[in-house]
Amino acid sequence: MRTEAAAVTLAGAPRSIGRWRSLFTQESIATIAVSLIVAAAVLLPLATLVVSSFRVLDDLGFSTTWGLDNYRLLFTDHVIPGAFVNTLLISTGSMVLATVLGVSLAWINARTNCPWREKLEPFNLIPFFLSPFVGAIAWHNLAAPKTGLINALARNTLGIEGHLLNVDNIYGVIWVTGIFFTPLVYLFVVGSLRRMDPSLEDSARTTGAGLLRTTLTVTLPLVAPGILSGAIIVFVTSAGEFGVPFKLGAPYGVETLTTQIFTKAVGDDANYYLGASMSMALGAITAFFIFVQQRYIAPRSFTTVTGKGFRPNVVDLGRWKWLALGLNLAFILVAVVLPIFCLVVVSLHPVWEGEIILSDITFRNYVKTLAFWRTDSISAATNGIFNSFILSFAGASIAMVLSLVVSYMIHRTKGFGSRMLDLLCVIPIGFPGIVLAMGVLVTYIKTPIYATLWILLLGYITRFFPYGQRNISSVMLAISEELDQSSRMAGASWITTLRRITIPLLKPGIFAGWLLLFIIFLRELSISIILYTSGTETLSVGVYYLANFENESLTSALSVAQTVVLLACIVIFRRMAGREALTA
Amino acid sequence: MENEKATPPYLEVNGLVKWFGADRAVDNISFGVERGKFLTLLGPSGCGKTTTLMSIAGLHGIDGGDIRVGDVTYTSFSKKLFLPPEKRDIGMVFQSYAIWPHMTVAQNVAYPLEIRKIDRAEIDSRVADVLRLVGLGDMADKLATQLSGGQQQRAALARAIVSRPRLLLFDEPLSNLDLKLREQMRVELKRIQNEVGITSVYVTHDQSEALVMSDEIIVMSKGRIEQKGGPHEIYAHPVNRYVSNFIGVANLLEGHVIRVTSPGHGEFEVNHGNERVILPCCLGEGLKEGAAAVLSVRPENVEARRKDPGTPRLEGEVLEAIFLGNCVDCRVRWGAFEWKVLAHPRDRLRPGERVFLHLDPDHSLAVQP
């Protein structure tokens, strides 16, 4: 009797009502529909990817048989094992660089008396919004051995032979990836540094511990989960990064898993099945680390955050504050100012040969890449602009509607369904865009949505809607469920409650999430590069096309255009969402 | 519980069962409330009182029983009927008040009327009336976030009663207020409920709230009803140790009934070391000669005297005497037992003093353990 009744309610209230007359309420129809959509969108590509990785293409490239050859090739191929090692090296290197920089900057801005720290913080975060691929293009133009602006300047002014800096190698890849992902660590750490209850440190000081000892024994351990989370996210994101190694690594013999997946997914000797097994390998690494982070590390970081606004202790650095300021400014210089400046300079020259020639300055590159109405414009670039705006707008809007219902289910209904959905929302985060895109490709290649914008839209939303969902969830957790319930008690139906109470209260979260997704989609490369076809290029694919088939000047012009739009979005984002809305 | 009346009550909960996972949050409880009355579900957290309230509200499904108000069935497990919460016509005041922060006070209060598609002019006049009733007449255009806790409380009450619902539900509405305000609000809440005359169910863990406001109290524990009765009955005649302990402060002595002298009266022997102490007392329901029982005596019904009274002789030592203004809160050690005694300030009891405790037999009640 007891166990039977328990089994009935184990699925929670909605289920026990579900057996009743109210099976088809607005609420249950909406939530069941959305759960099925999310489950299909997330699980189908991954399942197909697994299956595909066991299909072996015969020598003629026509038919396939079952087998493990694709996995055997991961070890015996003459490029793939090296790419694997490079991926690990680059991810580790970027993680170390980003963590050192991110933690230092977060501590400087949150807890020291470094001058202008409040004014500099937004600039520290700019790389988060920009495309690392564009960053790589910029750094190539700054520090390529021959045509790099810095190297040319060094030759002319210092009389150096050859070059001063060279980013066209694995160190360059690590450098650009590291500085562009520094804000990720920053955002993970700065919140807990700022919101830490100062009495935690004060009580250590009153027991006689000095500043250094307090920092090492109290402050750092409290922030450690945040640091670790940030480091893991950087490792995983770097492993899935395609643009930077494609620009600075692959042409110079530094192949990575992502560049190899790309080679196998597109081009003349495309072998989706081998691409699938490489994606499995990459996905296994990233999913493992994300699992560890979500399961063991993220839950701990909440212990330092009490939610109350505290005024944290500020450390007086004395004369060292100028060093802190120097580090801060240097970061902004190399991550924001120099790259953007260089892109603008290069984009104004007909051909870039490493030197600024004022008499050559022209806007022809912008006309060719942006002026879609002219016949001599490059269609890959102009298509990209249109397509990206359509995809970003539609993608962000659809993803936020989905996020809203999913968040509602996770936080406002209890039981099996909500736990499943919660899990489904973490899965896409565990897989790099390029891996998920391979799954989407092999799943839908024989359907009518292949070679349309729809497949891109599907890939974008599947991979990134959890980010929107997190934005909504964080707001939803802060507002009491009783606000919804009291509307139901006042006589309003579920849908009316959603429209008049829930959505208006969630507006800040919805908007912040929408804009974040809009920005992510506008610069998205690694999904687009797998799923685009001629006519469905995106902005970043346009940049890729120009970098591959045209010259650096045209590439820079489109990069500048993309960067300007993204910078405008940042301004809006900060106005609307507040400064820590990004924290994942 | 047993005194079923011929006419069925206005709100009737019959055999309600609710499981949470493997826990029986509400375990087959039944009760009724007469029209216009104020019923309080009282108990510690986890006793099932809020679950019962939420079941009436329809904010979750149930696993057994029926709930009916007037001639409307809200939920019936056997008939597989479940009326969604918005169709139940209930006004509810939540613990967090749940005043919507994106609306003004007037918009909050007008909401239930707008949902009912009442025309604007009437909405405006009814909102104004009800805001005046709860004392927020001049706050109509304030945003919810500009209100103090007590004002939010009033706004929530206004929103709950504005549509003149069938039933009013309160989920620990005063627990977030400070003591002074709480005492003031409970009187006011009761006044407003009296004025509008809506049948109310109130959930609280605060026994003094329950005593002040209720027409009837149900004391709950572990998903079951321990006792149902009027405030005075519950306080003066708790049926068992649990209720006696939960309602107010009591000295609880273990022992057994040794004699029934007349119906409802008898003698109680305290298990107290080697000493044999027999105290005359009132007998609670169902206590027979020889039954194990607990003697419950309220601190205000124990007198500490300096003169030896003879038998029964309860001699003890004053451990502490805390002056509270109108009385002195004393602890008196009697062997291993510590008596709680409320003494008069003029007695000037001091720690270390030997005193004799005198119990009034009419206010000493033996109850089931």
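Excluded from the calculations below are hydrogen atoms, water molecules and symmetry mates; all remaining heavy atoms, backbone and side chain alike, are included. The chains referred to below are lettered A, B, ... by the order of the sequence lines, with proteins before strands, and numbering in each begins at 1.
- Counted within 6.0 Å of CZ on B:R224, heavy atoms from surrounding residues, nucleotides or ligands total 12 or fewer; the atom is thus considered open.
- Contact annotation for residues 482-490 of chain A against chain B (heavy-atom separation below 4.5 Å, listed by residue number): A:E482, A:L483, A:Q485, A:S486, A:S487, A:R488, A:M489, A:A490.
- The contact list for residues 494-503 of chain A toward chain B, using heavy atoms and a distance under 4.5 Å, reads A:W494, A:T496, A:T497, A:R500, A:I501 by residue number.
- Contacts between B:I99 and chain A at a heavy-atom distance below 4.5 Å involve the backbone alone (N, CA, C, O).
- Listed by chain and residue number, B:E12 satisfy the salt bridge (charged side-chain N to carboxylate O under 4.0 Å, His left out) test with B:R68 (two or more places apart in sequence, or in another chain).
- Contact annotation for B:Q95: both backbone and side-chain heavy atoms come within less than 4.5 Å of a heavy atom of chain A.
- Residue B:S96 touches chain A through both its backbone and its side chain, counting heavy-atom pairs closer than 4.5 Å.
- In terms of heavy-atom proximity, A:G491 sits nearest to B:I115 at O-CG2, 3.1 Å.
- Within 6.0 Å of atom NZ in B:K142, 12 or fewer heavy atoms from other residues, nucleotides or ligands are found, so the atom counts as exposed in its surroundings.
- Heavy atoms of B:R88 lying under 4.5 Å from chain A are absent altogether.
- Using a 4.5 Å cut-off between heavy atoms, B:D171 contacts chain A through its side chain alone, with no backbone atom that close.
- Pairs of residues two or more places apart, or lying in two chains, that qualify as ring pair (Phe, Tyr, Trp, His ring centres under 6.0 Å) and include a residue from residues 96-119 of chain B are B:W100-B:Y111.
- Sparse packing is recorded around CZ of B:R35, with 12 or fewer heavy atoms of other residues, nucleotides or ligands lying under 6.0 Å away.
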